[in-house]
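These notes concern the structure reproduced below.
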2 protein chains.
Amino acid sequence: MGAVMAERRGSTHTKRATYDLRHRIVQGEIPGGTRLYEVALAEEMNISRTPVREAMSRLAEEGLLQRAPGGGFAVRSFTYRDVIDAIELRGVLEGTAARLAAERGADPGKLKEIKEISDEIDSFVWVAESARDFDRYTELNAAFHDALAALCGSEIVQAELRRVKSLPFASPSAFVLGQADGDAAHRAMIIGQTQHRALVEAIEAREGARAEAIAREHARIARENLDPSETGRSARTPCRVSR
Amino acid sequence: MGAVMAERRGSTHTKRATYDLRHRIVQGEIPGGTRLYEVALAEEMNISRTPVREAMSRLAEEGLLQRAPGGGFAVRSFTYRDVIDAIELRGVLEGTAARLAAERGADPGKLKEIKEISDEIDSFVWVAESARDFDRYTELNAAFHDALAALCGSEIVQAELRRVKSLPFASPSAFVLGQADGDAAHRAMIIGQTQHRALVEAIEAREGARAEAIAREHARIARENLDPSETGRSARTPCRVSR
DNA sequence: CGGCGTCAGAATGTATACATCTGGACGTGT
DNA sequence: ACACGTCCAGATGTATACATTCTGACGCCG
């Protein structure tokens with residue numbers, strides 16, 4: 001086992017295999033529907049079947065793989081409609097997180113946290129132009145949505161939201177990629193941040209219904225810029241997982 | 001391996017171990033938070049560590065176990081608030097399924113199916129009194145909710161709903177158990193079935209908002225009859241998984 | 001006395017041999 | 001030609017030995 005490792009991420013073979021496999025699936029290197037064979041993958045990665053099995057099991061938990069009827073795993077395939085539905089679902093769940101935070105009252109510390117993130121986005125988004133501002137927004141946007149999920153203090157809601165967001169195309173940051181021109185991206189950032197502010201305002205004012213509606217509409221931004229080449233296609237068309 | 005098997009459900013050791021472990025957790029035999037050790041369980045069940053590992057992995061997918069930081073698994077513990085939240089979440093997801101079915105138009109075949117289930121419940125629920133009617137309602141109620149999840153034709157929504165419903169206390173059939181007297185149970189059945197009919201009616205009339213609202217309210221029935229002894233307790237109080 | 005390295009034991013991680021299952025190719029009989 | 005059974009290759013299921021890692025207790029040193 002003294003050979004050079006292909007992947008250095010993580011300390012155990014299981015973690016490396018998990019990362020490696022996830023990466024290959026998300027990049028679209030392994031298309032949806034593909035049956036994964038333990039032996040083949042193990043030989044390919046120069047490890048035994050055990051950590052491969054373990055990795056596949058974890059990816060099944062994430063929803064990237066599905067267990068095949070007679071045992072084994074296959075790469076889960078997503079249709080264009082699945083992508084739409086996953087985004088819709090994220091909107092519904094974030095809407096629930098926002099509504100519950102408003103109804104039950106958000107924890108002051110967590111509320112302060114999300115407002116700080118929002119303020120930081122405010123500090124550059126209105127005049128953003130560089131690619132650096134772009135990356136910064138992506139990062140802070142993800143932080144905002146994580147803070148939102150935590151805001152109502154429900155582990156259950158937070159866990160489900162984490163699951164849905166783990167699908168790369170349903171992630172709040174997914175919209176950023178694939179934007180053709182910088183102008184459209186800037187516009188999306190401004191609209192998004194406006195909604196962020198309104199959302200926090202509604203939660204603070206205990207306006208549950210408004211908070212829920214805003215969160216749902218906010219998720220729609222991700223839908224705006226789905227690959228146009230896919231838009232006209234059949235609902236049954238498989239869709240690449242990657243952005 | 002000629003010895004008598006303790007559990008006959010399923011054909012492989014993995015399936016038996018999965019079933020056995022799930023049963024013990026759901027029954028409250030293994031309390032929440034308990035760390036599970038592969039060797040101990042393997043010896044107890046007279047099998048090797050491998051199928052035990054596999055079983056734990058599957059139960060983690062179901063959400064009954066959680067992976068411990070340094071490896072291994074622990075029984076997920078649910079507080080009283082988690083139970084409330086899981087029921088709320090089921091209402092939200094069923095509400096989404098109903099709304100999407102209304103907005104997008106439900107498949108005629110599936111619509112016919114859910115109406116048949118509803119009609120069958122109608123045939124006895126208004127005059128139900130025996131324990132047999134009781135069991136029949138439980139069964140048909142579960143079928144109704146499965147049909148509802150399938151109605152909008154979204155695999156994504158259906159999968160998430162399946163996950164949430166797999167938590168025993170969030171299942172649509174959970175309310176039936178623990179009902180102190182038959183009168184209260186009968187009342188709950190009648191109210192529930194009234195909501196079933198209204199729900200189908202709203203979906204058929206393409207009234208998305210109404211369908212969503214009814215589905216959410218319908219889930220609240222499960223909340224009505226949580227163990228009264230728990231009601232007053234702190235949100236942090238661990239809560240048995242079982243009914 | 002308190003902080004910190006060290007070590008033992010127990011847990012999980014990994015490799016591997018063997019067992020079992022499954023599905024399709026092939027032949028045989030009708 | 002079709003139905004059925006057999007068989008084999010290749011897949012997953014299982015047991016087990018060994019490697020590694022983690023944790024907590026103990027004792028040394030500052």
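Keep in mind that this is a model prediction, so the values were computed, not measured. Sequence lines set the chain letters: A, B, ... in the order given, protein chains first and strands last, and positions in each chain run from 1.
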Protein N or O to nucleotides 5-13 of chain D N or O, pairs below 3.5 Å:
unit_1	atom_1	unit_2	atom_2	d
D/dT12	OP2	A/Glu38	N	3.4
D/dG13	OP2	A/Arg53	NH1	2.9
D/dG13	OP2	A/Arg53	NH2	2.4
D/dG13	N7	A/Arg49	NH2	3.0
D/dG13	O6	A/Arg49	NH1	2.9

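Across the protein-nucleic acid pair, B/Arg67 atom CZ and C/dA11 atom P stand 19 Å apart, rounded to whole Å.
Residue B/Thr50 places no side-chain N or O under 4.0 Å from the OP1 or OP2 atom of D/dT14.
Residues that satisfy the salt bridge (charged side-chain N to carboxylate O under 4.0 Å, His left out) test with B/Glu43, not counting sequence neighbours, are absent from this structure. Listed by chain and number, the residues in a salt bridge (charged side-chain N to carboxylate O under 4.0 Å, His left out) with A/Arg99 are A/Glu103, A/Glu212, B/Glu88 (sequence neighbours excluded).
When all heavy atoms are compared, the tightest approach of A/Ala170 to A/Ala86 is CB-CB, 3.8 Å. Contact detail for B/Val157 and B/Leu100: the closest heavy-atom pair is CG2-CD1, 4.2 Å.
Between the B/Arg22 side chain and the B/Ala17 main chain, no donor and acceptor come within less than 3.5 Å of each other.
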